[in-house]
Structures are given as structure tokens and as C-alpha cells.
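Here the structure is laid out as C-alpha cells; the discussion comes afterwards.
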Amino acid sequence: MALTLMKGSEAIAEAAIRAGARFFFGYPITPQTEIPEYMSARMPEIGGCFLQAESEVAAINMVYGAAGTGERVITSSSSPGVSLKQEGISYIASAKLPCVILNVMRGGPGLGSIQASQGDYFQATKGGGNGDYHLLTYAPASIQEAIDIMMFAFDKAEKYRVPVLFLADGIIAQMMEPVEMPEMVDFKVDPEKKPWAATGWKPGDDPAKRAVINSLYIETEALSVHNESLQATYREIEKNEVMWENYKTDDAEFVITAFGTVSRVVKSAVDELRAEGVKVGLFRPISVWPFPSDALRETAVRDQVKAVLDVEVNEGQMLERRDQAEDPRNEGGYVNVCRI
Amino acid sequence: MVKVMINELLCKGCGLCVRACPKGVLALSKTKLNAKGYHPAEPVNPEACIGCASCARTCPDVAIRIERE
Amino acid sequence: MSVVFEKTQLLTDKPFHYCPGCNHGIIHRLVAESIDELVKEGKLEAGNVIGVAPVGCSVFAYDYFNCDMFEAAHGRAPAVATGIKRAKPNTLVFTYQGDGEKIVTIFVNNAIYGMTGGQMAPTTLVGQKTTTSPYGRKEEWCGAPIKMSEMLAEVPGAYFIQRCAVNNTPNIIKTKAAIKKAMQYQLEGKGFCMIEVLSTCPTNWGLNPVEAMKWLEENMIPYYPLGVKKDKGADAK
């Protein structure tokens with residue numbers, strides 16, 4: 001298949017459409033505004049729906065509504081806008097609605113700046129909204145990888161009934177790269193496969209099939225059962241959906257950890273160092289939740305490994321102290337050298 | 001002959017049906033208590049009922065059914 | 001034997017949890033009956049309706065309306081309904097809530113926050129005592145109570161806005177007619193419709209249900225005048 005030169009935000013938007021997304025609800029914010037812009041032109045062409053909401057808060061609740069009918073729904077925003085969405089994301093996670101959410105990270109905290117950043121790692125992987133929930137979260141390092149992940153993101157979201165989050169950064173959305181765009185997936189809501197979806201119920205139908213899209217469990221016992229079922233899903237995801245990349249780590253004495261676009265800078269550094277004879281490699285999580293903890297341990301906790309350097313466009317959120325404690329040599333663990 | 005049937009289990013004794021009835025058919029019971037602990041409404045003057053359904057339309061608990069024989 | 005009045009199928013058998021005399025129950029019934037009648041009149045396909053419940057006392061509305069239901073976050077019901085309507089454009093979508101799209105909003109105005117125990121709402125009347133306005137609402141401090149119907153009538157996308165009350169039989173009949181009309185407008189693809197229904201909150205007003213109705217008549221209706229605030233359908237005729 002031929003390669004096409006595409007801007008990241010447009011390529012991601014097109015990939016979402018090819019993966020079956022027919023509903024986009026969003027609100028402009030730099031550096032991801034090209035996604036809604038692209039959707040606004042493209043969705044009508046394929047009989048889909050683009051709607052610019054009055055706010056991020058409204059947009060995520062529109063996602064809740066449309067996703068509850070079983071359709072493939074996507075929204076995108078950037079850091080401060082994603083913060084606004086957190087309430088709705090928590091409701092969507094609890095109501096077990098599949099959807100895809102894009103966070104094109106920019107500098108923070110607060111209004112921050114519009115340059116690329118990875119400062120929302122904590123929010124994406126360890127929290128966000130209220131309650132005990134997780135999002136299946138991917139951190140693509142290239143436009144092509146974002147496209148490839150998008151092509152299975154809705155399937156995963158529907159398999160586990162969880163929202164999928166893309167933790168991308170401004171670079172991915174703003175740069176252009178040659179990409180291979182997959183063919184359009186034929187997607188139609190199958191009520192048999194989505195018995196939970198609100199597709200129309202009338203008195204006389206099977207009472208068990210009346211859809212109630214809800215996150216309220218006022219009886220403590222019922223909430224506890226609900227939470228247990230959510231957690232069981234998360235354990236399944238942790239078992240099945242971990243993704244990572246090892247680059248020249250087999251004989252590495254130094255392991256550099258990085259996710260997202262910064263990992264590509266690291267890759268270049270690895271190659272240059274290798275040319276000078278330094279045995280160095282890169283470990284890159286692709287799914288940041290679930291985090292590839294076992295793979296990281298197998299890569300980094302070996303006698304030959306003298307040091308681990310963690311490089312992030314933040315103050316070191318990914319390899320916080322948790323992993324230091326897991327370092328059996330107790331030599332200070334991973335060294336966070338990155339201060340960008 | 002109009003029959004006003006009040007589901008005593010659903011009635012919360014709010015008295016809005018008593019107020020709505022133009023013919024003084026209903027009153028809250030002075031003797032009965034239902035399982036919820038309310039004095040339910042009851043027809044005390046059933047033959048005066050004209051079947052206008054004002055009571056049923058105002059009942060916030062949809063506890064009233066009306067039949068005409 | 002003929003049935004003069006019976007409970008509609010569009011309400012489930014679950015007893016309402018509302019306080020005695022609370023108007024929510026009346027308004028629920030009117031909404032459900034309107035849907036039922038539209039189906040029986042052939043204007044709406046059975047099952048082709050989705051409702052959105054709010055946060056507030058009517059949070060459990062999803063247990064009462066006998067159709068597919070969503071429970072929305074506080075204040076987000078219209079956004080959720082917008083999402084549903086976009087995904088299911090031929091479905092009748094309604095929200096039932098306390099506070100633009102071709103949806104029908106049933107806005108219950110009881111001048112108080114009932115679920116949390118009677119705090120001041122944007123619709124609390126000047127002078128009205130609540131747990132957060134214990135000396136009575138003061139306009140110079142809290143502003144004047146907002147008139148949602150009049151405000152939304154100014155929004156160009158609004159198609160039909162009417163304020164109703166369920167304080168007596170004629171008004172109950174009028175309220176239902178308004179709800180049904182709004183639903184019909186939606187089925188015809190017109191714009192946003194809202195029916196504001198004045199309601200009592202006997203428990204948090206500290207009045208018995210009958211006194212509460214009188215208080216509504218003497219205090220709320222003068223400030224929140226009943227009637228059609230906008231009807232583009234009638235204007236067109």
C-alpha cells in the first residue's frame with residue numbers, strides 16, 4: 001500500500017473513521033484543534049456526525065449519550081480540556097461504555113502552554129475522575145503507531161466495555177509523517193453483541209433487556225458488586241493487553257525508559273551511543289495502563305544493567321518511586337535524568 | 001355506578017386527591033394505617049362520585065384506578 | 001365495566017420513593033401518558049423513546065419510566081440527550097431534570113434543592129427560607145430567582161417553551177397537553193422544547209402537601225407566570 005504524507009491530527013481522525021467511529025463530539029483547544037476541524041469536514045461525507053459542543057464538559061456527556069446507544073464514538077481534547085472531561089469519563093467508565101478519548105498533551109499545570117508535554121501521565125494512569133477505575137491507555141510514539149492502535153482501539157473498548165484513552169502529545173498531532181492508512185472497517189451496531197445498549201425497548205419486551213445506562217448504585221452492596229466486576233475487567237486487561245517495545249536491550253548495560261514521541265529522540269541517542277561502543281538500549285511502554293511492569297523488570301533488573309535512565313517530558317511521572325522499591329539491588333533504582 | 005379504587009399500599013396520605021375531588025367523595029382514613037405508616041385515602045361518599053378522575057389525575061403515586069359499571 | 005382511569009404501561013410497577021404529596025409523581029405520570037398516547041395514536045413507534053434522568057430527587061426516574069433510560073451527571077442531561085439524539089435521530093429523546101437540540105426537556109421547578117435537604121436553588125423566591133438562606137433569600141446578596149422559561153424563550157433555537165403547574169385538575173390537563181405537544185414537535189423534527197412545571201416540595205418547604213399546593217399558588221405562580229412563552233409552531237400558523 002502506498003504511503004501518504006499526513007499531519008498527525010488528521011491521520012488520527014481519519015484512522016478513527018476507518019475504525020468505525022461515526023460520532024465525534026469535541027471542543028477546540030490547541031494543539032488538537034485540527035482533529036475537530038478534520039472531523040467537521042469528513043464526518044458529513046460518510047454519513048457520520050460531527051458536533052462542536054459548548055464545552056468539553058458537554059462534549060464528554062454527549063459521548064456518554066451516544067456511546068450508550070452502542071455506536072462508535074470518539075472525542076478529543078488537550079490537557080486542560082481533558083481535565084474538564086474527567087467527571088464524564090468517570091461516569092462512562094462506571095457505566096461500562098466503550099468509546100475512545102484522545103488527549104493531545106500540552107504543557108501544564110493549569111492553562112500551561114501549547115508546547116508538547118507528557119505531564120498528564122499521572123492523570124491518565126493513576127486517576128483522573130473520582131472512583132476506582134482505569135482507562136485502557138496507549139501512548140503512541142509515531143503517527144503510524146497511533147493509526148495502528150486506533151484500528152483495534154474500538155474493538156478493545158467494546159470487548160472490555162471500557163473507554164480507551166490515547167495519551168499522545170502535541171508533537172504527534174502537529175508533525176507530518178508518511179503513513180499507511182488502512183481500509184475502512186465495516187461497522188454496524190449489533191444489538192445481539194451489545195445487549196446493554198439503549199436501542200429501543202417497549203413494555204412487553206424482555207424486562208431484563210431494558211437498558212439503563214447508569215453509574216448510581218445507592219445500595220452499598222450493589223456498588224461493591226459493581227466495583228468487583230469493574231476490577232475483574234481491569235485484571236483481565238492487565239493480563240491480556242500489555243504492550244511495549246524493547247530496542248537493543250538484549251546486551252544493554254544501560255537501559256533508557258521513555259514513552260511517546262520522546263522515545264524516538266532516545267532511539268537516536270541509543271544508535272549514536274552504540275556507534276561509540278556504549279551498550280545501551282530503550283524500553284518503551286506502548287500501553288501505559290496496563291503498565292508493562294513484568295517486561296520492564298525483565299529488561300532492567302539484570303546483573304549486566306548498570307543503570308536505568310528514565311526520560312520523560314515531565315518531572316518523572318512514569319517511573320516514580322514505585323519502581324525504585326522494586327529494584328533488588330537497591331542502588332537508588334532508576335535515575336530520572338530528564339528535566340525538560 | 002363509578003368505582004374509585006385506591007391502592008392503599010401505594011397511598012402516602014398526602015390528601016391531594018381529597019382536595020381535588022369536587023364532590024367530597026374522598027377522605028383520609030381516621031382509623032386505618034397502611035404498611036408505610038400513612039392514613040390512606042378512602043371513599044367515604046362513594047355514591048357521589050361522577051367519575052371525573054380528578055383524584056386520579058392529581059395522585060402523585062398513581063394509586064387510583066377508576067372504573068365505570 | 002369500562003376503565004375511566006388506570007396506570008399507564010409507560011410507568012414501571014415500582015412505587016415512587018418521593019415524599020407524600022411531591023409533584024414529581026404527577027409529572028412522571030403525565031410524561032409517561034404522553035408517550036403512551038403518541039404510540040397509541042400512531043405518531044410514535046413503540047419502544048422508540050429514550051429518557052435521561054437527572055441528579056436530584058428524581059435521580060431514580062430510570063426505575064420508573066418503562067423505556068430505555070440513561071442516568072446523567074448533575075446538570076448534564078441535555079448534553080447526554082444531545083448525544084443520544086445524534087446517534088438515534090428518529091427516537092423521541094426526553095430529559096427529566098431540575099434546572100439545543102431537538103429534544104424535550106421537562107424542567108421541574110420546586111424553588112429548592114430537594115434531594116440534598118432543602119438548600120437555596122437559583123429558583124428560590126426572594127424571602128424564601130432554605131437551609132442555606134435561613135434569613136430568607138436576599139436579592140441584593142443572591143440575585144433574583146431566574147426565570148428559565150423566559151430566558152430560554154430568547155434562545156433562537158428554542159421552538160416551544162411553556163410554563164405549567166400541576167396544582168389543580170385543569171392545570172394538570174394543560175400540563176399534559178403541553179408535554180405531548182412538545183413531544184410531537186420533536187417527532188416532527190422541530191427545535192428544542194421545554195416544559196417547566198412548577199412543583200411543590202412539601203418536605204423541604206416545611207408544609208403539608210395541601211398547604212404546599214396553596215403556597216405554590218400564592219407565591220410561585222405570581223412570580224413564575226404560567227403560559228406559553230414561545231411557540232414557533234403557533235407563530236407559523
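The structure displayed is predicted, hence computed values, not measured ones. Lettering follows sequence order; numbering is per chain, from 1.
For the side-chain contact (heavy atoms from CB on, under 4.5 Å) criterion with C:L30, the lone passing option out of C:I35, C:V197, C:I179 is C:I179.
Proximity to chain A at a heavy-atom threshold of 4.5 Å picks out C:A46, C:G47, C:I50, C:V59, C:F60 from residues 40-61 of chain C, in numerical order. By a heavy-atom distance cut of under 4.5 Å, A:V57, A:A58, A:N61, A:M62, A:Y64, A:G65, A:A66 are the residues of residues 53-67 of chain A near chain C, going up by number. At a heavy-atom cut-off of under 4.5 Å, chain C is reached by A:F23, A:F25 from residues 23-48 of chain A, listed in order of number. By a heavy-atom distance cut of under 4.5 Å, A:K209, A:R210, A:A211, A:V212, A:I213, A:N214, A:L216, A:I218 are the residues of residues 205-230 of chain A near chain C, going up by number.
No side-chain donor-acceptor contact under 3.5 Å links C:Q97 to the backbone of C:G75. Judged by distance alone, with hydrogens and angles left aside, the side-chain atoms of A:S90 form no donor-acceptor pair with the main-chain N or O of A:Q86 at under 3.5 Å.
Here C:F70 and A:Y91 keep their ring centres 6.0 angstrom or further from each other. For C:Y159 and C:F192, the distance between ring centers is not under 6.0 angstrom. C:F65 has its ring centre less than 6.0 Å from the ring centre of C:F94.
Between C:S199 and C:I27 there is a side-chain heavy-atom pair separated by less than 4.5 Å. In this structure, the side chains of C:T169 and C:K174 stay at 4.5 Å or more apart for every pair of heavy atoms. By the 4.5 Å heavy-atom criterion applied to side chains, A:V100 and A:F154 are counted as neighbours.
Side chain to side chain, C:T124 and C:T130 fail the donor-acceptor criterion of an N or O pair below 3.5 Å. Counted by atom type alone, C:T8 and C:E33 present zero donor-acceptor pairs between their side chains at under 3.5 Å. In this model, no donor atom of one side chain and acceptor atom of the other lie less than 3.5 Å apart for C:T91 and C:K85. No side-chain N or O of C:N66 forms a donor-acceptor pair with one of C:T12 less than 3.5 Å apart.
The existence of a salt bridge linking C:R76 and A:E87 is confirmed by a sub-4.0 Å separation between a basic side-chain nitrogen and an acidic carboxylate oxygen. Under 4.0 Å is where a charged nitrogen must lie from a carboxylate oxygen, and between C:D231 and C:K181 at least one such pair does.
If you tally non-hydrogen atom pairs under 4.5 Å between each of A:P203, A:G88, A:G70 and chain C, the highest count goes to A:P203.
Between C:Y64 and C:H28, the angle of the ring planes lies from 30° to 60°, which puts this pair in the tilted group.
Relative to the six-membered ring of A:F152, A:K156 meets both conditions, a distance below 6.0 Å and an angle of at most 45° to the axis.
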